[in-house]
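Numbered from 1 within each chain, the chains take letters A, B, ... in sequence-line order.
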Amino acid sequence: MASGHPKPGSPGAEERAGAGEKPLAAPEQPAMAISRITARRDFLAANSGTRIPSTAFILLVKPTTLGETRAGFTVSKKVGNAVARNRARRRLREATRIAMPEAAVEGADHIFIARRMDAERPFADLLRDARQALAKAGRKLGVGS
RNA sequence: CCAGAGGUUCAGGCGGCCGCGGGGGGAAACUCUCGAGGAAAGUCCGGGCUCCACGGAUUGACGGUGGCGGGUAACGCCCGCCGGGGGUGACCCCAGGGACAGUGCAACAGAAAAGACACCGCCGCCCGGGCCGAUCCCUUCUGGGAGAGGCUGGCGGCAAGGUCGAAAUGGUGCGGCAAGAGCGCACCGCGCUGCUGGCAACAGUGGCGGCAUUGCAAACCCCACCGGGAGCAAGACCGAAUAGGCGCGCGGUGCUGCUGGCAACAGCGGCAGGCCUGAUCCGGCCGACGCGCGCGGGUUGGUUGCUUGAGGUGCGCGGCAACGCGCAUCCCAGAUGAAUGGUCGCCCAGGGGGUGAAGGCCCCCGGACAGAACCCGGCUUACAGGACCUCUGGCAUG
């Protein structure tokens with residue numbers, strides 16, 4: 001919340017707003033900011049996006065007009081019990097935290113749907129899968145648009 | 001030392017680096033701090049809390065509980081005790097009220113399964129019938145007759161023994177008898193009853209009775225006691241459009257009788273309908289439709305409820321115990337597409353392999369069940385591997 005937003009202005013200029021306006025990709029920002037998808041309608045909307053299957057997950061990418069890059073995770077009961085589902089979601093989150101700033105499609109929604117073998121796959125492999133899937137999505141959409 | 005019984009407890013540890021959620025500080029950069037479980041699980045009981053419903057009496061239905069006493073906010077939980085069963089023992093198991101209120105069921109096997117029976121068997125009598133038949137008599141022969149005895153049979157008595165079964169109409173012993181039998185007696189068991197002990201369940205004991213009284217109530221049932229419904233997606237607040245809606249006041253419903261009126265209709269009386277409970281009674285309330293006044297908003301999102309509580313820990317006191325009381329001290333997750341993760345190193349347990357006489361050394365694998373969702377008290381189920389305490393039986397030593 002209210003991340004970064006370095007204000008070039010003088011610190012003395014007390015400006016009470018700040019929270020309202022969205023920072024539009026400051027030029028000095030090294031990587032894109034990733035926010036989280038939580039609303040059900042956004043998940044449903046992403047169903048029509050580009051679909052990239054991988055070993056431990058399925059990636060859905062859907063460009064939006066919001067101007068921000070977002071990620072969401074879907075872990076159904078097919079994955080296992082509550083412990084297995086938590087673990088799958090956390091590992092996916094960690095992998096995307098590392099991989100997305102460098103490889104995500106800017107301004108698009110990314111949905112990761114966990115598969116059953118998610119929890120067993122070594123983390124290094126999972127991370128590589130995420131990078132490859134994101135790169136593939138970038139190529140597809142780049143060609144498309 | 002071996003085998004076993006009961007209980008308590010842990011749930012890998014430490015440290016880098018990069019992250020996540022809550023709270024505090026700060027103008028900011030940032031920083032400090034807290035962050036899953038014993039079952040968080042199943043949602044099977046009991047509560048708190050919230051909203052809804054709720055006039056009284058009687059009765060019924062449905063669900064639950066079931067030895068006694070205690071603990072508790074409460075319980076179907078816990079503790080202690082009683083009774084029954086199992087074990088050498090420590091200990092363990094038991095829905096453990098009622099089967100002379102009624103109905104029902106008791107498969108198979110077996111002679112017989114509920115007020116019953118006689119298959120084998122035991123005993124007595126009958127010798128009448130059938131079969132076999134040593135031997136003897138008659139007859140030329142065929143054949144006929146007598147006939148001890150055996151087998152089979154008939155009538156009656158019996159239920160001890162055998163057989164079947166989950167269960168067989170009390171058990172053991174002695175007497176008794178043709179053989180037997182509670183037929184008689186003693187003890188045990190059972191029923192009724194008195195006394196003593198105990199708050200009680202119940203125990204002990206005296207008298208009487210005779211074998212009466214099969215089992216199943218986790219079959220219906222009977223008895224006693226208990227029980228409103230829904231759940232934090234409860235509920236509250238904030239903000240926007242349309243429609244339905246809701247409350248109050250006034251007039252006011254249907255059928256029918258009489259009276260008045262040409263009629264519309266009016267007056268008086270009786271009956272009816274719906275709701276308040278499944279039923280009955282008492283009691284209460286409502287009204288088709290019209291007019292007037294007032295209120296308010298399904299859903300989605302946000303905020304709240306939301307974590308300080310029948311709370312944890314320590315000490316003391318009371319109690320056999322469950323537990324209670326007092327004092328001190330601590331604050332210990334609050335997410336909501338849902339935080340507690342990723343990775344690396346060392347150590348600790350575990351498994352496998354290699355080497356060695358062995359202590360050991362090296363390598364590989366690798367960490368049970370499982371994730372808070374309003375909060376407590378229980379129950380049940382899942383669980384790698386440990387640690388500790390108490391007790392029992394046996395062996396050895398002293």
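- Although no hydrogens or angles enter the test, the distance criterion places no donor-acceptor pair under 3.5 Å between the side chain of A:H110 and the main chain of A:G72.
- Spacing between atom CZ of A:R90 and atom C1' of B:A370 amounts to 12 Å, rounded to whole angstrom units.
- A salt bridge links A:R70 and A:D109; the closest N-O separation between the charged side-chain nitrogens and carboxylate oxygens is under 4.0 Å.
- Look at the P atom in both B:G312 and B:C376: the space between them is 11 Å, to the nearest Å.
- Members clustered with A:I111: A:I37, A:F43, A:I58, A:L60, A:I113, by chain and number, using a 4.5 Å side-chain heavy-atom cutoff among hydrophobic residues.
- Here A:R87 lies in heavy-atom contact (under 4.0 Å) with sugar-phosphate atoms only.
- As the counterpart of B:A53, no nucleotide is assigned, since no Watson-Crick or G-U wobble pattern has both distances under 3.5 Å.
- Within the shown strands, B:G184 is the pairing partner of B:C174 under the Watson-Crick or G-U definition, both distances less than 3.5 Å.
- Distance check on atom C1': B:A218 versus B:A181 gives 41 Å, rounded to whole Å.
- With a 3.5 Å ceiling on both atom-pair distances, B:U242 lacks any Watson-Crick or G-U wobble partner.
- Judged by Watson-Crick or G-U wobble contacts below 3.5 Å, the nucleotide B:A384 has no partner.
- Both distances falling under 3.5 Å, in either a Watson-Crick or a G-U wobble arrangement, occur for no nucleotide opposite B:G298.
- B:G342 atom P lies 12 Å from atom CZ of A:R89, rounded to whole Å.
- Separation of the P atoms belonging to B:G80 and B:A113 is 50 Å when rounded to the nearest angstrom.
- Separating the P atom of B:G261 from that of B:U280 is a span of 46 Å, rounded to the nearest Å.
- For the pair A:N86 CG and B:A36 C1', the computed distance is 11 Å after rounding to whole Å.
- Taking Ile, Leu, Val, Met, Phe, Trp and Tyr as hydrophobic and joining them when side-chain heavy atoms fall under 4.5 Å apart, one finds A:V75 in a cluster with A:V79.
- Across the protein-nucleic acid pair, A:E94 atom CD and B:C20 atom P stand 10 Å apart, rounded to whole Å.
- Ring stacking is absent between A:F73 and B:G337, as the pair misses the limits of under 5.5 Å between centres and under 30 degrees between planes.
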**Message:** What verdict does the side-chain hydrogen bond (donor to acceptor under 3.5 Å, both in side chains) test give for A:T50 and A:K62, after you've listed the backbone C-alpha separation in whole Å, the side-chain angles of each residue and the deciding distance to 0.1 Å?
**Reply:** CA-CA 6 Å; A:T50 308; A:K62 171 91 171 173; over 6 Å; no
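- Taking only side-chain atoms of A:V83, from C-beta outward, the nucleotide of B:C18, B:A36, B:A370 with the closest atom is B:A370.
- For B:C332, the glycosidic angle deviates from 0 by 90° or less, giving a syn base.
- Candidate nucleotides B:A372, B:A370, B:G342 were compared by shortest atom distance to the side chain of A:A82, and B:A372 ranks first.
- Set against B:C18, B:A370, B:G342, the side chain of A:R97 has B:C18 as its closest nucleotide.
- Across all strands shown, B:A264 forms no Watson-Crick or G-U wobble pair with both distances under 3.5 Å.
- Between the CZ atom of A:R93 and the C1' atom of B:U340 there is a distance of 10 Å, rounded to whole Å.
- Nucleotide B:U343 holds its C1' atom 17 Å from the CZ atom of A:R128, rounded to whole Å.
- In textbook terms, a nucleotide whose glycosidic angle is within 90° of 0 is syn, while B:U163, being further out, is anti.
- Remark: A:R85 is not in phosphate contact with B:A370, judged by side-chain N or O atoms under 4.0 Å from OP1 or OP2.
- Between the C1' atom of B:C20 and the CZ atom of A:R91 lies a distance of 17 Å, rounded to the nearest Å.
- Mapping A:V75 and A:P122 onto RNA chain B by nearest heavy atom places A:V75 at the nucleotide closer to the 5' end.
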**Request:** Would you check, one step at a time, whether the test side-chain contact (heavy atoms from CB on, under 4.5 Å) holds for A:R131 with A:I98?
**Result:** CA-CA 9 Å; A:R131 287 193 168 115; A:I98 296 167; 3.7 Å; yes
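- Within the nucleic acid shown, A:I98 has no heavy atom closer than 4.0 Å to any nucleic acid atom.
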**Prompt:** Under the side-chain contact (heavy atoms from CB on, under 4.5 Å) criterion, do A:F57 and A:L59 qualify, and how do the steps go?
**Reply:** CA-CA 6 Å; A:F57 59 87; A:L59 173 62; 4.2 Å; yes
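- Of the nucleotides present, B:U58 is the one that pairs with B:A279 by Watson-Crick or G-U wobble criteria, both distances under 3.5 Å.
- B:A368 and B:G35 have their P atoms separated by 23 Å, with the value rounded to a whole Å.
- Applying the 90° cutoff around 0 to the glycosidic angle, B:A36 is assigned syn.
- For the P atoms, the distance linking B:G149 with B:C126 amounts to 14 Å, nearest Å.
- Pairing for B:C127 is absent, with no Watson-Crick or G-U wobble pair whose two atom distances lie under 3.5 Å.
- At a threshold of 4.0 Å, the pair A:E94-A:R97 counts as salt-bridged, since one of the basic side-chain nitrogens sits closer than that to a carboxylate oxygen.
- The glycosidic torsion of B:G175 lies more than 90° away from 0, placing the base in the anti range.
- Across B:U340, B:G342, B:C18, the shortest atom-to-atom separation from the side chain of A:F123 is found for B:G342.
- Taking atom P in both B:G337 and B:G302, the straight-line distance is 8 Å, to the nearest Å.
- Applying the 90° cutoff around 0 to the glycosidic angle, B:A212 is assigned syn.
- Of the P atoms belonging to B:A217 and B:U65, the separation is 16 Å, rounded to the nearest Å.
- Between the CG atom of A:L126 and the C1' atom of B:U343 there is a distance of 13 Å, given to the nearest Å.
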